[in-house]
Protein chains: 2
Amino acid sequence: MLSKKTKYGLKALTFLASQPDREPVQIAEVAKQENISQKFLESILLTLRRNGFLGSKKGKGGGYYLIKEPEAIQMTSVMRVLEGPIAMVPCVSLNFYEKCDDCPDEGICTVNKLMLKVRDANLEVYRNTTLQDLIA
Amino acid sequence: MLSKKTKYGLKALTFLASQPDREPVQIAEVAKQENISQKFLESILLTLRRNGFLGSKKGKGGGYYLIKEPEAIQMTSVMRVLEGPIAMVPCVSLNFYEKCDDCPDEGICTVNKLMLKVRDANLEVYRNTTLQDLIA
DNA sequence: TATTACCCTATAGATTTAATAGGAATTACA
DNA sequence: TGTAATTCCTATTAAATCTATAGGGTAATA
């Protein structure tokens with residue numbers, strides 16, 4: 001299952017990318033428009049800012065805004081930041097590799113074999129999809 | 001993340017498919033060979049039996065055995081039984097469709113759009129992979 | 001200088017997952 | 001016919017994760 005965090009994060013990115021200009025949008029407005037708990041969204045936007053997707057402005061007239069072009073935002077990076085590793089098991093993860101402690105030999109593990117295929121298929125999708133593709 | 005239930009279930013299926021004959025294998029032996037908690041495995045094998053993958057025999061000399069040919073076991077059905085829906089959100093699920101309550105229009109939802117691609121990519125993998133492919 | 005709005009941590013509640021416990025039912029075999 | 005072996009089944013607990021909330025702190029701006 002996709003976590004709500006990722007779901008909301010994607011919706012927020014979409015919303016901000018769809019703004020005609022790049023003026024700051026208040027958390028409250030994003031939350032309202034996308035039906036998201038404001039406090040929860042707050043922490044998600046913070047994560048997105050810390051990871052270089054969003055900029056923010058404090059004080060009156062402040063809010064969040066996109067700082068990268070939608071064409072430059074790959075779903076691989078969005079998913080990794082919001083959802084975590086793309087691989088379904090650590091032993092096939094590119095960025096978060098870990099050996100399984102119950103599995104003596106990855107080379108003959110059928111779970112490994114299957115999940116490797118799944119990972120590649122998902123990577124293919126995420127790499128070839130940008131935020132721009134989604135809002136177009 | 002792939003649940004341990006699915007992971008263990010796949011390993012068990014693999015193990016049973018690799019037996020030279022289709023004689024019953026005891027839970028205890030599968031558990032030992034694959035490093036799985038026996039009681040947990042017990043419930044997983046039960047699920048696999050109820051869903052038509054395995055047969056069982058009680059009493060002395062009993063155990064579980066594969067009742068379908070490995071070539072005839074698609075990963076789509078295995079995953080649906082063990083892991084649940086293949087889609088990451090209900091609104092793109094073929095077998096478990098459900099409308100999102102926070103989303104007014106699926107047609108313009110970017111999460112829907114992305115997850116549709118992901119679902120298709122995963123289905124492609126699962127449909128084209130049988131148990132036989134994994135143990136070969 | 002008051003206000004607005006982001007920043008940050010902690011925590012509680014809900015849900016799911018993983019594992020365990022204990023016994024009932026069935027079978028093989030001596 | 002009795003006994004040991006093995007699956008069958010339900011309920012429960014323990015652990016982990018996810019979702020959401022609380023409550024105030026801090027910085028920037030009009």
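It should be emphasised that the depicted structure is a prediction, and the values quoted were computed from it without experimental measurement. Heavy-atom basis, side chains included; hydrogens, waters and symmetry copies ignored. Chain letters run A, B, ... following the sequence lines, proteins first and then strands; every chain starts at 1.
Straight-line distance from the CG atom of B:Leu54 to the C1' atom of D:dT7: 13 Å, rounded to whole Å. For the pair B:Lys39 NZ and C:dG23 C1', the computed distance is 9 Å after rounding to whole Å. In this structure, A:Lys4 places its NZ atom 14 Å from P of C:dA14, rounding to the nearest Å. Whole-Å rounding puts the B:Lys60 NZ to D:dT1 P distance at 20 Å. Atom-to-atom, NZ of B:Lys57 to P of C:dT27 comes out at 10 Å; the value is rounded to the nearest Å. Taking atom CZ on B:Arg49 and atom P on D:dT7, their separation rounds to 12 Å, with Å as the unit. Rounded to whole angstrom, the span from the CE atom of A:Met1 across to the C1' atom of D:dC18 amounts to 11 Å. The NZ-C1' distance, from A:Lys5 to D:dA20, rounds to 13 Å in whole Å.
Between the side chains of A:Glu98 and A:Ser93, not a single donor N or O lies within less than 3.5 Å of an accepting N or O.
Taking only side-chain atoms of A:Lys58, from C-beta outward, the nucleotide of D:dT29, D:dA27, C:dT20 with the closest atom is D:dA27. In this structure, of C:dA18, D:dT21, C:dA21, it is C:dA18 that holds the atom nearest to the side chain of B:Phe40. When distances run from any side-chain atom of A:Gln26 to the nucleotides C:dC7, C:dA5, C:dT20, the shortest one goes to C:dA5.
Of the possible donor and acceptor atoms, none in the side chain of A:Thr6 sits under 3.5 Å from a partner among the backbone N and O of A:Leu2. When atom types are taken as modelled, the side chain of B:Lys57 and the backbone of B:Val25 share no donor-acceptor pair closer than 3.5 angstrom. In this structure, A:Arg119 contributes its side chain and A:Val89 its backbone to no donor-acceptor pair below 3.5 Å. A donor-acceptor pair is defined here as one N or O able to donate and one able to accept, closer than 3.5 Å; such a pair exists between the side chain of A:Ser43 and the backbone of A:Phe40.
Nearer the 5' end of DNA chain D, as judged by each residue's closest nucleotide, is the contact made by A:Gln38, out of A:Gly59 and A:Gln38. When each of B:Ser37 and B:Glu83 is assigned the nucleotide of DNA chain C with its nearest heavy atom, B:Glu83 is the one assigned upstream, toward the 5' end. Each of B:Ile27 and B:Ser43 lies near DNA chain D, and the nucleotide nearest B:Ile27 is the one positioned closer to the 5' end.
Between C:dC8 and A:Arg50, a contact under 4.0 Å exists linking OP1 or OP2 to a side-chain N or O.
Within the nucleic acid shown, A:Leu45 has no heavy atom closer than 4.0 Å to any nucleic acid atom.
Interface remark: the A:Glu42 side chain does not form any donor-acceptor pair with the C:dC6 base, using a distance-only criterion of under 3.5 Å.
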